[in-house]
Engineer: 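The structure follows.
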Amino acid sequence: MEWTVENSIILVLVFIILISQSILLFTNAKKRNRSSWLWGLVGMIQFPFPSIFFYFLVVRKDRNANRI
């Protein structure tokens, strides 16, 4: 595969998306006293599944616990 400007732009955009997702997951997990480093590392692997899993596994459980 030839290295072009388009490939470089796509690589930079993917890097920005993964880093921003990782930072957001890390800070939200830290606020909720969950495994912040684990969520930050998982957020760097792929997009958008770690964010979706975080919402269903952490955020919804916390909201349901606060209702009771």
Side-chain angles (χ1 to χ4, degrees):
M1 185 166 109
E2 189 175 324
W3 197 255
T4 63
V5 175
E6 292 85 14
N7 290 344
S8 300
I9 292 171
I10 291 171
L11 184 65
V12 168
L13 289 175
V14 167
F15 179 75
I16 290 170
I17 289 170
L18 289 175
I19 291 296
S20 61
Q21 174 185 251
S22 177
I23 290 170
L24 289 173
L25 285 174
F26 178 82
T27 56
N28 284 333
K30 196 167 191 169
K31 284 181 197 175
R32 297 174 187 274
N33 293 327
R34 302 299 174 125
S35 304
S36 56
W37 285 102
L38 175 68
W39 283 107
L41 290 174
V42 169
M44 292 178 71
I45 295 172
Q46 64 178 351
F47 178 80
F49 292 115
S51 296
I52 294 169
F53 291 150
F54 183 80
Y55 175 75
F56 283 112
L57 295 176
V58 176
V59 175
R60 289 190 68 195
K61 282 186 180 179
D62 286 350
R63 285 185 184 171
N64 289 337
N66 289 337
R67 284 186 186 171
I68 297 174

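Values below: every heavy atom of this structure, side chains too, minus hydrogens, waters and symmetry copies.
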Engineer: I'd like to know if Phe56 and Phe54 are part of one continuous hydrophobic network [Ile/Leu/Val/Met/Phe/Trp/Tyr, side-chain heavy atoms within less than 4.5 Å].
Structural biologist: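 Same hydrophobic cluster.
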Engineer: Given side chains that start at C-beta, do those of Leu41 and Ile45 come closer than 4.5 Å, heavy atoms only?
Structural biologist: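 No, side chains not in contact.
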Engineer: Measure the CD1-CD1 distance between Ile19 and Ile17 for me, rounded to the nearest 0.5 Å.
Structural biologist: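 Ile19 CD1 to Ile17 CD1: 11.5 Å, rounded to 0.5 Å.
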Engineer: Determine, stepwise, if the pair Phe26 / Trp37 fulfils ring-ring contact (aromatic ring centres under 6.0 Å, His included).
Structural biologist: CA-CA 6 Å; Phe26 178 82; Trp37 285 102; 5.0 Å; yes
Engineer: I'd like to check the side chain to side chain donor-acceptor pair (under 3.5 Å) partners of Ser22; sequence neighbours left out, ordered by chain and number.
Structural biologist: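 For Ser22, no residue satisfies side chain to side chain donor-acceptor pair (under 3.5 Å) once neighbours in sequence are set aside.
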Engineer: Under 3.5 Å, is there a donor-acceptor pair between the side chain of Gln21 and the main chain of Gln46?
Structural biologist: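 The answer is yes, because a donor-acceptor pair under 3.5 Å joins these two groups.
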Engineer: Should Trp39 and Val58 be marked as a side chain to side chain contact (heavy atoms under 4.5 Å, CB included) after you check the CA-CA gap, both sets of side-chain angles, and the distance that decides it?
Structural biologist: CA-CA 11 Å; Trp39 283 107; Val58 176; 4.0 Å; yes
Engineer: Do Leu25 and Tyr55 share a hydrophobic cluster (ILVMFWY, side-chain heavy atoms under 4.5 Å, transitive)?
Structural biologist: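 Yes; tracing contacts between hydrophobic side chains, which count when under 4.5 Å, links both residues.
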Engineer: Any heavy-atom pair between the side chains of Leu11 and Trp3 that's under 4.5 Å?
Structural biologist: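 Trp3 vs Leu11: side chains touch.
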Engineer: When rounded to the nearest 0.5 angstrom, what distance separates CE in Met44 from CZ in Phe15?
Structural biologist: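 So the gap between those two atoms works out to 6.5 Å.
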Engineer: Search all heavy atoms of Pro50 against all heavy atoms of Val42 and return the closest pair with its distance.
Structural biologist: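 Closest pair (atom of Pro50, atom of Val42, distance): CG-O, 3.4 Å.
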Engineer: Considering residues at least two apart in sequence or located in another chain, which fulfil the salt bridge (charged side-chain N to carboxylate O under 4.0 Å, His left out) criterion with Arg32?
Structural biologist: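 Arg32 satisfies salt bridge (charged side-chain N to carboxylate O under 4.0 Å, His left out) with Asp62 only.
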Engineer: To the nearest 0.5 Å, how far apart are CG in Asn28 and CD1 in Ile23?
Structural biologist: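 With rounding to 0.5 Å, CG (Asn28) is 12.0 Å from CD1 (Ile23).
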Engineer: Are Phe49 and Phe47 connected into the same hydrophobic cluster when the rule is that any two of I, L, V, M, F, W, Y join if their side-chain heavy atoms are below 4.5 Å apart?
Structural biologist: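 Each belongs to a different hydrophobic cluster.
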